[in-house]
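Only one structure is covered here, and it is reproduced in the block below.
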Amino acid sequence: MWAPSGAGLSEHAWAAAQQTGAAWVGNDAAAHVSLLRSTVAEELAVGMEQQGVPAEDMRGRVEEALRQWGLVDQADHDPAHLSTGQTRRLAIAGALLTRPAELILDCPTDGLDAAAVRMLRETLAHFPGPVTVYDRMHSGLLPGAEQLQLRPDGSLVPCAAPRWDISGVSTGGAGSGEVSDAPRDGALGPVLLELEDVVVTRGRGRWRRTEMTIGSAAIHGGQITHLAGPNGVGKTSVFLAILGLLGRGEGISRGNIRAPRTVGWAPTEMDHAILQRTVAGEVGAPEALEFAGVERWAETHPLDVPASERRMVLVAAALARGPELLLLDEPTVGLDARGHARLADVMQRYVRGEYALTPPGTRPAVLWTCHDAEFAAAVSDARVGLG
């Protein structure tokens, strides 16, 4: 079942789950973490505890789920400190462990890497009961399934879900699906970000400390660079290290990072970044509103803006000052098909220096993460792989 962002898809999914008693995993996977347990393994058992499943049975099911969903190394981690993709794996696995008769998933691939998407597709193929997947565009999770569009009047009509399409976007040298180091206009810009043999340490206090080997990379001006890697490999940690935002006891344990003076950042968890009562106040620059195509929401509270448009509001806020380096962490999460095209357009125009507040002569860079490898390759000029 699909609909563009803002059509009431999530509300419909929740109502359907309430009516049928189906196990439901909403599009905000973090909301399914109970915060009542201190480890991932214990969190997976919460639903079964409510059902009165014997402890020995729970232990076996949890161990199997950890293996199946690639969470063995995170078993004793704080569930509130997982990556976006790992949190979604946890939420889906927890729902399945209760062995429901019916399953409803709302935008279940948001934040999942390719391995997790394959696992989810296989799991759904063998699920013994009815499965309904709600999404803003084609996900490919249920091959051959009936596809219905949720219309504004609440009716459901047979209609194939759209796919992202950037054929109408001026991509310069990008858009071929092949990523290389060649910039879009043939001239390589200056190095704006340099990583030299970087190792980042995460975790503090009683939580398990983890060393993430990032390695070396050079990010050039005038380029869109895709920072690729599976869930939990350390992509967000790279961004936090660049920004100097790692917590006490965490940080760069080896190597060096040389970043430009001005850096803009749009985190994955967009709702946690909202601080102002209006979109105009949140973004702070009318030029950025117009550049990202969200000016019509200027006087609206950011949390009242549909998810796809809200994601672009966060991108607008990150680029508002015209930073030399723009960091976008999984900006496709929450986007519908039109949102994908707009994001590609904004990123490509930004590195061409078309934003009004970009200093004359400056060639900014975009470093971004995305688990849709095909979309990332179509948009990016270069790729840096982790893991």
Say whether L97 and L35 are linked into one hydrophobic cluster, either directly or through other cluster members, by side-chain heavy-atom distances under 4.5 angstrom.
-> yes
Would you say the side-chain atoms of S253 and T201 include a donor-acceptor pair closer than 3.5 Å?
-> yes
In terms of heavy-atom contacts, A288 and A316 come closest through CB-O, 3.5 Å
Given side chains that start at C-beta, do those of L66 and V40 come closer than 4.5 Å, heavy atoms only?
-> yes
Hydrophobic cluster identity match, L357 and V279, side-chain contacts under 4.5 Å = yes
How far does CG of L367 sit from CD of Q223, to the nearest 0.5 angstrom?
-> 11.0 Å
Atom pair CZ (R59) and CG (L44), whose distance is rounded to the nearest 0.5 Å = 14.0 Å
What side-chain hydrogen bond (donor to acceptor under 3.5 Å, both in side chains) pairs are there with at least one residue in residues 140-149, not counting sequence neighbours?
-> none
Is there a donor-acceptor contact under 3.5 Å linking the side chains of W2 and S139?
-> no
Atom pair CD1 (I257) and CD1 (I242), whose distance is rounded to the nearest 0.5 Å = 5.5 Å
Residue list, ring-ring contact (aromatic ring centres under 6.0 Å, His included) with W24, at least two apart or on another chain = W14, H32
Please tabulate, for the side chains in residues 292-305, all donor-acceptor contacts under 3.5 angstrom to protein atoms that are two or more places apart in sequence or on a different chain.
| residue | atom | partner | partner atom | Å |
| --- | --- | --- | --- | --- |
| W297 | NE1 | E309 | OE1 | 3.0 |
| H301 | ND1 | L303 | N | 3.1 |

Is there a path of hydrophobic side-chain contacts, each under 4.5 Å between heavy atoms of I, L, V, M, F, W or Y residues, that connects L124 with L148?
-> no
side-chain contact (heavy atoms from CB on, under 4.5 Å) partners for R254, two or more places apart | V199, E211
In terms of the angle between their ring planes, are Y355 and Y350 parallel, tilted or perpendicular, with boundaries placed at 30° and 60°?
-> tilted
According to the interplanar angle, ranging from 0 to 90°, do the rings of W368 and H226 count as parallel (below 30°), tilted (30 to 60°) or perpendicular (above 60°)?
-> tilted
Give a yes or no on whether the backbone of Q276 and the side-chain of E282 come within a donor-acceptor separation of less than 3.5 Å.
-> yes
Of all pairs that satisfy side-chain hydrogen bond (donor to acceptor under 3.5 Å, both in side chains), the ones with a partner from residues 232-242, not counting sequence neighbours | R202-S237, T236-D329
Is V157 isolated, or which residues cluster with it under the ILVMFWY side-chain rule of less than 4.5 Å, directly or via members?
-> none
Reported CG-to-CG distance for the pair L193 and L325, which is rounded to 0.5 angstrom | 5.5 Å
W164 and L335, any side-chain heavy atoms less than 4.5 Å apart | no
Contacts of A356 that satisfy side-chain contact (heavy atoms from CB on, under 4.5 Å) - sequence neighbours left out | E287
Of D345, V379, T332, which is the lone residue that meets side chain to side chain contact (heavy atoms under 4.5 Å, CB included) with H340?
-> T332
Taking D336 for the side chain and S308 for the main chain, is one N or O donor matched with an acceptor at less than 3.5 Å?
-> no
Using the test salt bridge (Lys or Arg N to Asp or Glu O under 4.0 Å), find all partners of E196 that sit at least two apart in sequence or belong to another chain.
-> R258
4.5 Å side-chain heavy-atom contact, L314 and R310 | no
Indicate whether any N or O donor in one side chain lies under 3.5 Å from an N or O acceptor in the other, for N231 and S83.
-> no
Please name the pair of heavy atoms, one in R88 and one in N27, separated by the smallest distance, quoted to 0.1 Å.
-> NH2-O, 2.7 Å
Do any N or O atoms from the side chain of Q19 and from the backbone of A15 form a donor-acceptor pair under 3.5 angstrom?
-> no
Quick one: are R37 and E49 in side-chain contact, heavy atoms under 4.5 Å?
-> yes
Would you say the side chain of T132 lies within less than 4.5 Å of the side chain of T20, judging by non-hydrogen atoms?
-> no
Does the side chain of V117 reach to within under 4.5 Å of the side chain of L141, using non-hydrogen atoms?
-> yes
Any donor-acceptor pair under 3.5 Å from T358 side chain to G322 backbone = no
Might you confirm whether atom CD of E354 has over 12 heavy atoms from other residues, nucleotides or ligands at distances under 6.0 Å?
-> yes
Residues in side-chain contact (heavy atoms from CB on, under 4.5 Å) with Q50, at least two apart?
-> V46
So do the side chains of R89 and L82 get within less than 4.5 Å of each other, counting heavy atoms only?
-> no
Using salt bridge (Lys or Arg N to Asp or Glu O under 4.0 Å) as the criterion, list what pairs up with R99, not counting sequence neighbours.
-> none
Distance col, row N256:CG vs S216:OG, nearest 0.5 angstrom, shows 10.0 Å
Side-chain contact test, heavy atoms from C-beta onward, threshold under 4.5 Å: evaluate it for L105 versus L120 and give yes or no.
-> yes
ILVMFWY network linking V346 to I166, side-chain heavy atoms under 4.5 angstrom = yes
Nearest heavy atoms of A161 and M137, plus distance in Å = CB-C, 3.9 Å
Could you list the residues that satisfy side-chain contact (heavy atoms from CB on, under 4.5 Å) with Q68, not counting sequence neighbours?
-> E64, M119, T123
Verify the cluster assignment for V25 and M48: are they in a single hydrophobic cluster under the rule of side-chain heavy atoms below 4.5 Å apart?
-> yes
Are side-chain N/O atoms of S34 and E43 paired as donor and acceptor at under 3.5 Å?
-> yes
Can you name the ring-ring contact (aromatic ring centres under 6.0 Å, His included) partners of H12, sequence neighbours left out?
-> Y134
